[in-house]
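This report concerns only the one structure given below.
Side-chain atoms are counted along with the backbone in the values below, which use heavy atoms only and exclude waters and symmetry mates. Residue numbering restarts at 1 for every chain, and letters A, B, ... go by the order of the sequence lines.
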2 protein chains.
Amino acid sequence: MSQTVDRALSILPLLAQGPADLGQVAARLDVHKSTALRLLRTLHEHGLVHRQQDQRYRLGARLFALAQEAVENLDVRDIAHPYLKELNAECGHTVHLAVREEGEVLYIDKVESRYPVRMYSRIGKPVAITVAAVAKLLLADLPEQERREIAEQLDYPQYTARSTPNPAAFLRELALVREQGWATDLGGHEESINCVGAPIRGTDGSVVAAMSVSAPNVVVTAEELLALLPLVRRTAEAISREYSGTGEPPAATAAP
Amino acid sequence: MSQTVDRALSILPLLAQGPADLGQVAARLDVHKSTALRLLRTLHEHGLVHRQQDQRYRLGARLFALAQEAVENLDVRDIAHPYLKELNAECGHTVHLAVREEGEVLYIDKVESRYPVRMYSRIGKPVAITVAAVAKLLLADLPEQERREIAEQLDYPQYTARSTPNPAAFLRELALVREQGWATDLGGHEESINCVGAPIRGTDGSVVAAMSVSAPNVVVTAEELLALLPLVRRTAEAISREYSGTGEPPAATAAP
DNA sequence: TCGAGTCGTTGCGAAGAGTGCAACGACCAT
DNA sequence: ATGGTCGTTGCACTCTTCGCAACGACTCGA
C-alpha cells in the first residue's frame with residue numbers, strides 16, 4: 001500500500017539470510033543505490049539494522065528486543081477470553097483457562113455454565129494437578145525428565161475412585177495426552193463431573209495455556225461431552241493462532 | 001532520513017508495549033488516522049503487525065521469525081576474525097576462537113603467532129576440554145546441574161603436573177571462571193605454554209564462543225601474558241557487541 | 001607512482017507518492 | 001431513533017522521495 005515502506009520492509013527478510021552490502025541490497029530491491037542507502041539509513045536509526053565493521057548491513061539488536069518485549073506483554077487471557085465466551089455460547093457449559101506457574105497450575109479465566117448445576121472453581125485457585133485435564137495438558141508438554149521429577153514430588157489425593165493413583169499412572173497419562181493432543185478428566189476430581197480440554201500453543205509450538213469444558217453427569221453424559229472434543233480443539237487452535245500472531249484477520253469484511 | 005519509513009517504524013516499539021487501535025497509533029505518531037491506517041496496512045502485509053479480532057493491532061509472528069532466522073545465520077567466525085587479527089597484530093601471539101558443539105569444544109579459528117616458536121593446534125580439532133581456557137569459559141556458562149554432569153563424565157588426562165586432576169577441581173575452576181569472567185591455562189596442557197581467554201556473549205548474555213591468547217614460556221612469562229588480560233577482555237567485549245548487533249558503527253567517518 | 005576500477009555518499013530537479021481532509025457506513029449505547 | 005465512536009475511502013494538493021550524475025575514498029595491479 002505504501003511503496004517506500006514496502007521497499008524498506010523488504011530489506012529485512014533479505015538481511016535475515018545474512019549480511020549484505022549496499023550494492024546487493026539495491027540490486028535485490030531493484031532500486032537505485034542512493035534509494036537503498038536512504039532506506040537502510042532509516043532502518044539503521046531505528047536499530048533494526050546494524051552495520052558491521054566491513055560496512056555490510058545485518059539485522060540489528062532492536063529487532064530481538066522488540067520481539068522479546070512483545071511476547072512479555074502478551075496476555076493469553078486477553079486474547080482467549082472472546083473465544084471462551086463464544087465456546088460457552090455454543091455448548092452452554094463451564095469453560096476454563098489455566099496456566100502453569102511455579103510448579104502449580106492456576107485457573108486464570110472462567111466462563112460460567114448456563115445450566116443451574118455448576119462446577120465449583122475459582123479464578124486464581126490452584127487446580128487439582130494430578131487429575132484436571134488442563135493440568136495434564138500443561139505438564140505433558142514439559143521435557144521427560146522434568147515430568148518425572150514433578151510426578152515423583154506430587155501428592156496423589158484420592159478424590160474419587162478414578163483419581164490418578166500414583167506417579168507411574170500419572171506419567172502414563174501425560175504420555176498419552178502428549179501424543180493425542182487433548183486430555184480428559186472423567187470423574188477424577190468429583191465423581192459426577194467430566195472435562196475435556198485442549199492445549200494453547202505459542203509461536204514455537206510449546207504449550208502456553210490450556211482450556212477445558214466441564215459439565216456434571218446430570219446435564220450431559222461423558223459420551224455427550226466427548227462429542228464436543230472437535231469443537232474444543234478447534235477453539236484452542238484458533239486461540240493459538242491468534243496468540244502467536246499467525247494466520248489471517250479472523251473475519252474480513254468481504255465483497256464490494 | 002525517510003519520513004514515511006520513519007513513521008512506519010515508530011509504530012513497532014509502540015505496539016511492542018501492547019495492542020493498540022488505529023486512533024491510539026495515529027495519536028502517538030501525531031498523524032491523521034488515514035495515514036496511520038496506510039502504514040499499518042503495509043506493516044500488516046509484511047506480517048510485522050498482526051490484527052486481532054477486536055480490530056486492534058499487535059506485533060506479528062513474522063517479527064519473531066525474522067529474529068530467529070537472523071541469529072541462525074549469524075556466524076561468530078566471520079564477525080570475530082578481523083578482531084582476532086587486530087589482537088594478534090597488537091600482541092604478536094597466537095589467538096584462538098572456539099565454540100562448544102555436542103559435548104566437545106572445537107577451535108574454529110586461529111591467527112598464528114608472529115614468533116617462531118608456536119603452539120600446536122588445528123582448526124576443527126577438539127580442545128583439551130579439562131584444561132584449556134576456552135573450554136573453561138564455554139562450560140562455565142552452563143547451568144550448574146549440567147556442569148556437574150559433564151564434569152563427572154569427563155576423563156582427566158594428566159598432561160602435566162598442573163592439569164586439572166578431577167571433577168571436583170574442575171567444577172571449582174569453572175565456578176571461579178564464571179565469577180571472574182575470564183580464564184587461564186597456566187601450563188595445564190603443555191608445561192611451557194600459557195593462555196588467557198575471555199568469553200564472547202550473545203544478545204541474551206549467554207556465552208556463544210570463547211577466545212584466548214597463547215604463548216610459550218620462552219617468549220613471555222606467565223605474568224607478562226596475564227598483563228594482556230585487559231586487552232583480551234576488551235577485544236572479546238567488542239566482538240560481543242558486534243555479534244549481538246549492539247553498539248555504534250565501529251568507526252564513523254567524522255567531521256564535515 | 002599512477003590510473004582504472006569499485007563502493008559508499010551527496011545535491012539536485014522532476015514527478016510521483018504520501019498526506020490530510022471530509023464524508024460515509026458500521027456499530028454500540030443511550 | 002439518535003448521538004457518539006471507530007475504521008475506511010476518494011480526492012486534490014503538496015511535500016517527499018526517486019534516479020541521475022558526479023565526487024571522494026579506497027584497492028588492486030601495472
Trace of the side-chain contact (heavy atoms from CB on, under 4.5 Å) decision for V127(A) with H96(A): CA-CA 11 Å; V127(A) 175; H96(A) 279 109; over 6 Å; no
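With rounding to whole Å, Q55(A) atom CD is found 14 Å from dA25(D) atom P. Distance H44(B) NE2 to dT8(D) P: 10 Å, rounded to the nearest Å. The distance between atom CZ of R7(A) and atom P of dG16(C), rounded to the nearest whole Å, is 12 Å. M1(A) places its CE atom 12 Å from the C1' atom of dA17(C), with the value rounded to the nearest Å. Atom CG of L37(A) and atom C1' of dT6(C) are 16 Å apart (whole Å). Computed from coordinates, the L40(B) CG to dT19(C) P distance equals 12 Å when rounded to whole Å. Rounded to whole angstrom, the span from the CG atom of D6(B) across to the C1' atom of dT19(C) amounts to 15 Å. Remark: P of dT6(C) and CD of Q24(A) are 15 Å apart, rounded to the nearest angstrom.
Using a 4.0 Å cut-off between charged nitrogen and carboxylate oxygen, R77(A) and D75(A) do not count as a salt-bridge pair.
Nearest nucleotide to the K33(B) side chain, out of dT16(D), dG7(D), dC21(C): dG7(D). In this structure, the nucleotide among dT8(D), dG8(C), dG18(C) sitting nearest to the side chain of D21(A) is dG8(C). Listed candidates were dA17(C), dG7(D), dG19(D). Nearest to the side chain of Q3(A) is dA17(C). In the set dC20(D), dT19(C), dT8(D), dC20(D) carries the atom at the smallest distance from any side-chain atom of H32(A).
Contact between the side-chain N/O atoms of R56(A) and the OP1/OP2 oxygens of dG8(C) is not found at any separation under 4.0 Å. For S2(A) and dG18(C), the shortest distance from a side-chain N or O to OP1 or OP2 is below 4.0 Å. At the phosphate of dG20(C), OP1 or OP2 sits under 4.0 Å from a side-chain N or O atom of T35(B). When the side-chain nitrogen and oxygen atoms of R41(A) are compared with OP1 and OP2 of dT10(C), one or more of them lie within a distance under 4.0 Å. Residue R38(A) places none of its side-chain N or O atoms closer than 4.0 Å to OP1 or OP2 of dT10(C).
Residue L22(A) is the one, among V31(B) and L22(A), whose nearest nucleotide of DNA chain C lies closer to the 5' end (criterion: closest heavy atom).
Counting only distance, with no hydrogens or angles, the side chain of H46(B) and the backbone of L48(B) share no donor-acceptor pair below 3.5 Å. Checked by atom type and distance alone, the side chain of T94(A) pairs as donor or acceptor with a backbone atom of S113(A) at under 3.5 Å.
Among the heavy atoms of the strands lying under 4.0 Å from T4(B) are primed sugar atoms or P, OP1, OP2 only; no base atom is included.
For the side chain to side chain contact (heavy atoms under 4.5 Å, CB included) test with V99(B), the passing option among V207(B), I108(B), D109(B) is I108(B); the others fail.
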